[in-house]
Amino acid sequence: MTDSVTPDPTAPEPVTSDALTPEQRARRTAAAVDAAVAAGRGLGLTVTDGTVLHDLFSVVVHLAPAPVVARIPVVLPPAADPAALERRQRAELDVAHWLDAQGTPVIPPSPLVPREPVRRDGFAMTFWQLVAEDRDKEPDYAANAESTAALHAALRDYPGPLSFLSAAEPEFVTDSLALLEKRPDLLGPADLDRAHREWRVLEPLVRSRAAFERAFPGVGLQPVHGDSPPANVFSGVDGDRYSDFELVTLGPVEWDLAALGPELEAAYDRGARNQGLRTLDEDVLRFVNAVGMLRVVATLTLVPQLPELHGYLTPALDAWRAMPFAGGVAPRA
């Protein structure tokens with residue numbers, strides 16, 4: 001889950017003894033801003049003020065007056081591996097830079113600092129070009145889904161190495177299900193039992209490219225955005241740009257349409273036909289939707305760090321309970 005999440009403010013927040021208080025949240029944000037300002041100055045930027053543009057899973061800071069934005073992840077799994085986070089950030093920077101060089105509209109890394117993650121005061125951050133936002137434009141998710149096919153067409157030629165379905169974050173799912181054994185306040189035992197049983201069916205297909213290809217023969221793999229690109233189109237004053245490639249991965253194109261529903265799937269298929277690409281495979285969609293829902297379950301473990309997450313997760317969990325077991329993916333013998 002990344003900053004494309006839009007919590008439902010009407011949903012009640014769970015009562016958890018370890019939930020971050022507003023004061024603790026403010027201190028975390030301030031510390032991230034201070035770290036970004038110090039890191040920017042250390043890289044030679046003139047920074048007089050750090051202005052928070054966004055604060056959810058990451059704190060996004062304009063290092064004014066430099067035309068540079070720092071993004072600092074602050075809501076992370078309890079067992080987050082700093083080396084793995086750095087690899088993910090490097091992949092994101094490399095992919096966004098490559099797409100920009102090909103003429104694909106993205107928010108590119110800042111050219112004013114080295115194109116690499118920076119660690120400062122316990123935070124890992126990346127630096128991006130400041131792009132003026134059209135704040136009056138309403139998101140058109142159908143148009144964004146249709147244009148995702150153009151992004152996939154551009155990504156097909158990306159030459160860098162990417163891991164198979166790393167965006168599914170299998171270690172995060174496995175670790176989170178174990179943590180939820182001790183958190184009945186976040187997930188009840190019946191739901192947890194279902195999640196464990198579904199993960200036993202789905203995990204082998206997530207962790208092994210060979211297993212996936214046996215289960216879904218003929219479904220090609222390619223670089224994909226990894227985190228719902230229709231929800232991560234930035235409305236710039238100079239036009240729309242793809243953004244937030246934090247979970248860029250090698251996988252089926254269906255991964256980028258997971259849990260978006262028939263209307264947006266049809267919009268993507270229109271774009272795919274226009275690009276000369278294959279349309280979405282129904283069996284793979286069921287698989288990625290099921291995996292996506294288990295990532296939602298896993299994200300419950302982050303609620304103490306970001307209590308408003310509960311407002312987003314509650315309706316998603318209700319949808320999961322209404323879905324066929326494991327999305328209808330058959331258990332492997």
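When a residue number appears, it is its place in the shown sequence, counting from 1. Since we're looking at a predicted model, the values are computed, not measured.
Counting only heavy atoms from C-beta outward, the side chains of Pro73 and Leu76 approach each other to under 4.5 Å. By the 4.5 Å heavy-atom criterion applied to side chains, Leu56 and Glu308 are counted as neighbours. Under the 4.5 Å side-chain criterion, counting only non-hydrogen atoms from C-beta, Arg183 is in contact with Pro304.
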For residues 284-291, please give each side-chain donor-acceptor pair under 3.5 Å, one per line with the distance, not counting sequence neighbours.
residue, atom, partner, partner atom, Å
Arg286, NH2, Asp283, OD1, 2.2
Asn289, OD1, Ala259, N, 2.7
Asn289, ND2, Leu285, O, 3.2

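A salt bridge links Asp238 with Arg241: the closest approach of a Lys/Arg side-chain nitrogen to an acidic carboxylate oxygen falls below 4.0 angstrom.
The side-chain contact (heavy atoms from CB on, under 4.5 Å) search around Leu179 returns Pro78, Thr301, not counting sequence neighbours. Listed by chain and number, the residues in a ring pair (Phe, Tyr, Trp, His ring centres under 6.0 Å) with His62 amount to none (sequence neighbours excluded). Evaluation of the salt bridge (charged side-chain N to carboxylate O under 4.0 Å, His left out) rule for Glu282 yields no partner, not counting sequence neighbours. By the side-chain contact (heavy atoms from CB on, under 4.5 Å) test, Glu92 pairs with Arg71, Trp128, Phe245, Glu246, sequence neighbours left out. Taking the salt bridge (charged side-chain N to carboxylate O under 4.0 Å, His left out) definition, one finds that Asp175 meets it with nothing, sequence neighbours left out. Taking Asp136 as the reference, Asp134 meet the side-chain contact (heavy atoms from CB on, under 4.5 Å) condition, with sequence neighbours excluded. With sequence neighbours left out, Asn274 forms a side-chain contact (heavy atoms from CB on, under 4.5 Å) with Glu146. Applying the salt bridge (charged side-chain N to carboxylate O under 4.0 Å, His left out) test to Glu86 and every residue at least two apart in sequence or in another chain returns Arg90.
Taking hydrophobic clusters as Ile, Leu, Val, Met, Phe, Trp and Tyr residues chained together by side-chain heavy-atom distances below 4.5 Å, Phe325 shares a cluster with Leu192.
For residues 97-117, the pairs satisfying ring-ring contact (aromatic ring centres under 6.0 Å, His included) are Trp98-Tyr158, with sequence neighbours left out. Residue pairs meeting the ring-ring contact (aromatic ring centres under 6.0 Å, His included) criterion with at least one member in residues 66-87, sequence neighbours excluded, do not occur. Sorted by first then second residue, the salt bridge (Lys or Arg N to Asp or Glu O under 4.0 Å) pairs that include residues 200-211, not counting sequence neighbours, are Glu171-Arg207, Glu203-Arg207, Arg209-Glu213.
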Go through the steps for Phe127 and Val69 under the test side chain to side chain contact (heavy atoms under 4.5 Å, CB included), then give the verdict. CA-CA 6 Å; Phe127 296 90; Val69 171; over 6 Å; no
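Figure legend: Arg194 and Trp320 shown as a cation-pi pair, the cationic atom lying under 6.0 angstrom from the six-membered ring centre and within 45 degrees of its axis.
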